[in-house]
There are 2 protein chains.
Amino acid sequence: MSKWNDAVPNRETQHELKREALYREAAKGFNRRGFRGTSLADLAEGLGITKAALYHYVPNKDELLFRCVYNSTIASLEAVEVAKKEETTGLNRIHRVIRDYFCAVLMANPPCVTVYDEGTLDAKNAKIIYDRRKQLSLSMREFIRQGVEDGSVIDCDPKLATNIILGSMNWAPKWFRHDGELSSEEVANGIADMLTRGIAAVPST
Amino acid sequence: MSKWNDAVPNRETQHELKREALYREAAKGFNRRGFRGTSLADLAEGLGITKAALYHYVPNKDELLFRCVYNSTIASLEAVEVAKKEETTGLNRIHRVIRDYFCAVLMANPPCVTVYDEGTLDAKNAKIIYDRRKQLSLSMREFIRQGVEDGSVIDCDPKLATNIILGSMNWAPKWFRHDGELSSEEVANGIADMLTRGIAAVPST
DNA sequence: TAGACATTTGACCGCTCGTTCAATAACTTA
DNA sequence: TAAGTTATTGAACGAGCGGTCAAATGTCTA
């Protein structure tokens, strides 16, 4: 059965590895040039195969975008759950969410896409993403409200503050480069520090 | 010559009014659904005319995007010039730029587009926009450095801070609605307050 | 080696979109 | 009213894209 001491992955595993490579390539393209600006021929060329071969690993182009966007919502909602479990101030919870979500998106494992144009996902999938993003937004607002109550957050409009924070986060994949001066952890911490400081009742120096 | 006491604009003016309406419609579409997600047929339908008629007011689709993006760089660089002339702290200058730029973009007069995918502008126009955005970015970093020196800004990475601020600003047209609870001035002030607070040496309460 | 199965390919289809153009309509002026 | 100019239209084009399919190639097992 097992040859080469399992040094070479079996067929099934190879199939999975190829699919993952495809999703990585897709996320890279979608983040950089947008969904409509990235053709399947582009992806195929980047992977050194032909367009038609892609369809053995994914049903259609829409699914590529949906999964990548969905992955980002998984990261964000997991960050929210972790923050909820912590016994700490509302401000620290916000900080936690920003940092964890960011790390996940920038590490791109699994591949994440945060920016996509309205109308690129079909109604059913758009609804799923919308609901999950709404959930994130509402949780963040709730953390801010908690922070205002426990005195860690300055009195502010939770909705506006959340929009500012999420905007800054969603935009990051546009300028972040893995070969840049700062690592993804440094950037994630820097952003979390600055954004929470913007709503903190007391400056954390 | 002049009939109706000039109550009705002449042909030339009408032509200009129509062109402006076209640019407004284009900016609205590009901001909401993206450049590639907005067809000329969409714009024509929104204006109640046919696709072919558009070409009497604009040479091609690319020009529509370019002008809208260029308009946003005009607003931002004008804000920078105003801030430079003020005798004040680096922090206040940052605040000023954020607020003024924001107001201009949200008021959409002239129509502005801040978000567009890589590869949608041809090389020549992309270079023009890139250079002007770089200029904005460098000016903001300089203001931050000034702020650190004059003690109004906390010690931070100017490049990272600028990216966070610009990200948050570029994203705003995606969630801002003119029929929402807050006016564009309120939003602009709120964002400027929160973002500058994030790098302020002393909280402004 | 033969057969079964997975993978990849090139050619092709249908559709959308930006753009062009000749023809028509609307308006202005003489 | 006639002529000239501007505005608008419907039809058509060529290119690019997502997706399909039968055929060819490669890979594993009996």
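In what follows, every chain begins at residue 1, and chains take the letters A, B, ... in the order their sequences are listed. Remember, predicted model here, so these are calculated numbers, not experimental data.
Salt bridge present: A/Arg96 and A/Glu86 bring a charged side-chain N and a carboxylate O closer than 4.0 Å. Electrostatic pairing of A/Asp150 and A/Arg93 does not count as a salt bridge here, judged by no charged N lying under 4.0 Å from a carboxylate O.
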Would B/Phe35 and B/Tyr116 satisfy ring-ring contact (aromatic ring centres under 6.0 Å, His included), going step by step from the backbone distance to the final call? CA-CA 7 Å; B/Phe35 178 70; B/Tyr116 63 98; 8.9 Å; no
CA sep, side-chain torsions, deciding dist, call: B/Arg32, B/Asp42, salt bridge (Lys or Arg N to Asp or Glu O under 4.0 Å): CA-CA 12 Å; B/Arg32 197 163 301 177; B/Asp42 290 338; over 6 Å; no
Extract from the structure each pairing of a protein N or O with an N or O of nucleotides 24-27 of chain C at less than 3.5 Å, listing the distance.
{"from": "C/dC27", "atom 1": "O3'", "to": "B/Arg11", "atom 2": "NH1", "distance (Å)": "3.4"}

Mind listing the N/O atom pairs, protein and nucleotides 14-20 of chain D, below 3.5 Å?
{"from": "D/dG18", "atom 1": "OP1", "to": "A/Lys61", "atom 2": "NZ", "distance (Å)": "2.6"}
{"from": "D/dG18", "atom 1": "OP2", "to": "A/Leu40", "atom 2": "N", "distance (Å)": "2.9"}
{"from": "D/dG18", "atom 1": "N7", "to": "A/Lys51", "atom 2": "NZ", "distance (Å)": "3.0"}
{"from": "D/dG19", "atom 1": "OP2", "to": "A/Tyr55", "atom 2": "OH", "distance (Å)": "2.9"}
{"from": "D/dG19", "atom 1": "OP2", "to": "A/Lys61", "atom 2": "N", "distance (Å)": "2.9"}
{"from": "D/dG19", "atom 1": "O5'", "to": "A/Tyr55", "atom 2": "OH", "distance (Å)": "3.2"}
{"from": "D/dG19", "atom 1": "O6", "to": "A/Lys51", "atom 2": "NZ", "distance (Å)": "2.8"}

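Within the structure, every pair that satisfies the side chain to side chain donor-acceptor pair (under 3.5 Å) test and touches residues 52-65 of chain A, not counting sequence neighbours, is listed here: A/Glu63-A/Arg67. Among residue pairs with one or both ends in residues 15-25 of chain A, those qualifying as side chain to side chain donor-acceptor pair (under 3.5 Å) are A/Glu16-A/Arg19; sequence neighbours excluded. For residues 119-128 of chain B, the pairs satisfying side chain to side chain donor-acceptor pair (under 3.5 Å) are B/Asp122-B/Asn125, B/Lys127-B/Asp131, with sequence neighbours left out.
A 4.5 Å side-chain heavy-atom check between A/Asn92 and A/Ser152 finds every atom pair outside the cut-off. Contact of the A/Leu65 side chain with the A/Leu121 side chain is registered, since non-hydrogen atoms from C-beta on lie closer than 4.5 Å.
Near DNA chain D, defined here as any heavy-atom distance below 4.0 Å, there are no residues from residues 16-26 of chain A.
In this structure, A/Leu106 CG and A/Leu182 CG are separated by 11.0 Å, a value rounded to the nearest 0.5 Å.
Remark: P of C/dC5 and CD of A/Glu12 are 16 Å apart, rounded to the nearest angstrom. In this structure, A/Ile49 places its CD1 atom 18 Å from P of C/dA6, rounding to the nearest Å. Rounded to whole angstrom, the span from the CG atom of A/Leu54 across to the P atom of D/dC21 amounts to 17 Å.
Not one side-chain nitrogen or oxygen of B/His15 sits closer than 4.0 Å to the OP1 or OP2 atom of D/dT6. A sub-4.0 Å separation between OP1 or OP2 of C/dA6 and a side-chain N or O of A/Tyr57 is absent.
The environment of A/Lys159 atom NZ is sparse: at most 12 non-hydrogen atoms of other residues, nucleotides or ligands sit within 6.0 angstrom.
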